[in-house]
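Report on the structure given below.
Excluded from the calculations below are hydrogen atoms, water molecules and symmetry mates; all remaining heavy atoms, backbone and side chain alike, are included. No experiment lies behind these values; they were computed from the predicted model shown. We name chains A, B, ... by the order of the sequence lines, and we start the count at 1 in each one.
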There are 2 protein chains.
Amino acid sequence: MTQPPAQRQTRQRAAVQALLNEFVDFRSAQQVHELLRSRGESVGLTTVYRSLQALSEAGEVDVRVNDEGETVYRKCSEHHHHHLVCRECGTTVEIAGPTVESWVDRVATVHGFTSVSHTFDIVGLCPACS
Amino acid sequence: MTQPPAQRQTRQRAAVQALLNEFVDFRSAQQVHELLRSRGESVGLTTVYRSLQALSEAGEVDVRVNDEGETVYRKCSEHHHHHLVCRECGTTVEIAGPTVESWVDRVATVHGFTSVSHTFDIVGLCPACS
DNA sequence: ATAGGTGCAAAGCATTTGCAGCAGC
DNA sequence: GCTGCTGCAAATGCTTTGCACCTAT
């Protein structure tokens with residue numbers, strides 16, 4: 001019983017993780033890959049997928065599936081807010097909602113759930129597109 | 001200017017719509033197809049996809065993308081509730097949240113957004129899996 | 001009769017997997 | 001040096017599209 005298998009630290013892994021830290025919102029594996037390439041880091045798409053998967057299993061990032069069916073990742077952050085998105089032009093408004101967070105906690109507690117996380121999105125038509 | 005193009009009523013379309021009315025929760029196109037077949041209705045998978053798309057554009061059904069990346073549909077219902085899902089065993093608890101609905105309306109109004117809809121999911125560990 | 005609907009087969013995408021070579025430790 | 005990591009190419013799975021035939025109106 002030596003040390004548990006542990007993860008090996010590699011350039012690619014570090015690059016993916018570092019990139020995620022630059023954003024507060026969700027990014028798809030393909031976007032991450034694209035961004036890394038565009039800044040000279042040579043990382044295979046497969047590796048990006050695997051790194052993101054590893055990170056999510058380690059609880060380092062949150063995972064979601066967006067409307068296009070893409071899996072998107074975001075580094076876990078305490079200060080997490082939500083978005084109001086225009087279905088027509090894509091305009092996004094950041095909204096703060098202490099209400100939601102506390103409501104989530106309350107509901108989860110009532111049902112005995114632990115380590116909960118949530119996703120919450122509102123889509124509609126913005127003033128300009130109405 | 002006669003009647004607008006209008007939709008043609010067909011057996012397949014009706015079957016898909018009828019099936020959706022039997023469920024209150026989300027079903028994938030493939031599930032709908034499978035179910036229709038299993039009860040003798042002969043409908044092509046392509047048609048199921050197209051019917052569901054048409055229904056969603058007509059605002060008759062809600063659309064979502066689940067964790068597996070499948071697009072799922074549900075007939076619009078006034079009484080729309082949310083779920084608390086166990087990340088481990090998949091146990092699902094239905095939760096009613098007038099709080100959320102009203103909060104959504106308020107936020108949307110403040111920003112001038114109209115015809116808004118929202119998705120809201122909470123995942124965590126249920127008592128049994130903690 | 002005619003425009004829209006249907007369904008098969010093929011194409012498109014995002015993601016996963018097989019496998020040989022590479023690199024932390 | 002051993003084991004895990006990488007990345008290409010091929011495979012998978014859901015969804016869309018091309019196209020010829022069919023059918024509600």
Side-chain angles (χ1 to χ4, degrees), chain A residues 1-20 25-58 60-74 119, chain B residues 1-20 25-58 60-74 119:
Chain A
M1 33 148 318
T2 42
Q3 293 298 109
Q7 299 233 122
R8 207 167 275 184
Q9 163 160 357
T10 67
R11 173 179 57 81
Q12 292 88 333
R13 222 97 126 170
V16 170
Q17 202 155 349
L19 192 74
L20 274 188
D25 54 335
F26 288 95
R27 284 286 182 280
S28 73
Q30 314 250 5
Q31 280 176 340
V32 170
H33 180 237
E34 186 89 8
L35 283 166
L36 287 176
R37 294 239 134 165
S38 75
R39 61 178 64 176
E41 291 278 3
S42 157
V43 181
L45 179 57
T46 311
T47 302
V48 172
Y49 274 108
R50 284 196 277 233
S51 299
L52 289 172
Q53 249 164 7
L55 284 173
S56 78
E57 273 162 28
E60 305 268 318
V61 300
D62 281 343
V63 191
R64 244 173 71 55
V65 177
N66 70 16
D67 297 340
E68 271 84 43
E70 286 182 321
T71 307
V72 289
Y73 306 81
R74 166 190 69 183
T119 59
Chain B
M1 48 184 288
T2 44
Q3 292 298 110
Q7 300 235 123
R8 208 166 274 184
Q9 163 160 356
T10 67
R11 173 178 58 77
Q12 293 88 332
R13 220 97 126 171
V16 169
Q17 201 155 347
L19 192 74
L20 274 188
D25 54 337
F26 288 94
R27 285 284 181 280
S28 73
Q30 314 249 4
Q31 280 176 342
V32 170
H33 180 237
E34 186 89 6
L35 283 165
L36 288 175
R37 293 240 134 163
S38 75
R39 62 179 62 177
E41 292 277 4
S42 157
V43 181
L45 179 56
T46 310
T47 301
V48 171
Y49 273 108
R50 285 197 276 232
S51 300
L52 288 173
Q53 250 164 9
L55 284 172
S56 78
E57 272 162 28
E60 305 269 317
V61 300
D62 280 343
V63 190
R64 246 173 68 56
V65 177
N66 70 16
D67 296 341
E68 271 84 42
E70 286 182 322
T71 307
V72 290
Y73 306 82
R74 166 191 69 182
T119 59

Rounded to whole angstrom units, what separation is found between the [atom1] atom of [X] and the [atom2] atom of [N]?
| X | N | atom1 | atom2 | answer |
| --- | --- | --- | --- | --- |
| A:Leu52 | D:dC5 | CG | P | 15 Å |
| B:Glu70 | D:dC14 | CD | P | 6 Å |
| A:His33 | C:dC13 | NE2 | P | 17 Å |
| B:Arg8 | D:dA24 | CZ | P | 9 Å |
| A:Glu57 | C:dT16 | CD | C1' | 13 Å |
| A:Arg64 | C:dA14 | CZ | P | 17 Å |
| A:Gln30 | C:dT16 | CD | P | 11 Å |
| A:Gln31 | C:dC13 | CD | C1' | 15 Å |

Quick one: CZ on A:Arg74 to CG on A:Asp25, what's the gap to the nearest 0.5 Å?
->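 Atom-to-atom, A:Arg74:CZ and A:Asp25:CG are 8.5 Å apart.
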Under 4.0 Å between a side-chain N/O of B:Gln9 and OP1 or OP2 of D:dT23, yes or no?
->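 False: B:Gln9 side-chain N/O out of range (4.0 Å or more) of D:dT23 OP1/OP2.
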B:Gln53 vs D:dT15: side-chain N/O to OP1/OP2 distance below 4.0 Å |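 No, no such contact exists.
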Contacting residues from residues 10-20 of chain A, given that a heavy atom lies under 4.0 angstrom of DNA chain D =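 The answer is A:Thr10, A:Gln12, A:Arg13.
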[X] side-chain N/O to [Y] backbone N/O, donor-acceptor pair under 3.5 Å:
| X | Y | answer |
| --- | --- | --- |
| B:Gln31 | B:Ser28 | yes |
| A:Arg11 | A:Ser42 | yes |
| B:Thr47 | B:Val43 | no |

How sharply is the helix from C:dA1-D:dT25 to C:dC25-D:dG1 bent, taking the axes over five pairs at either end and rounding to 10 degrees?
->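 The end-segment axes of the helix from C:dA1-D:dT25 to C:dC25-D:dG1 are tilted 30° relative to each other.
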Stretch residues 34-51 of chain B: residues that reach within less than 4.0 Å of DNA chain C through a heavy atom |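 Heavy-atom cutoff 4.0 Å gives B:Ser42, B:Val43, B:Gly44, B:Thr46, B:Thr47, B:Arg50.
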Judged by modelled atom types alone, do B:Tyr49 and B:Gln30 share a side-chain donor-acceptor pair under 3.5 Å?
->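 Judged by distance alone, the side chains do pair up.
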So which heavy atom on A:Arg13 is nearest to which on A:Arg8, and how close?
->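 Scanning both residues completely, I find the closest heavy atoms to be NE-O, 4.1 Å.
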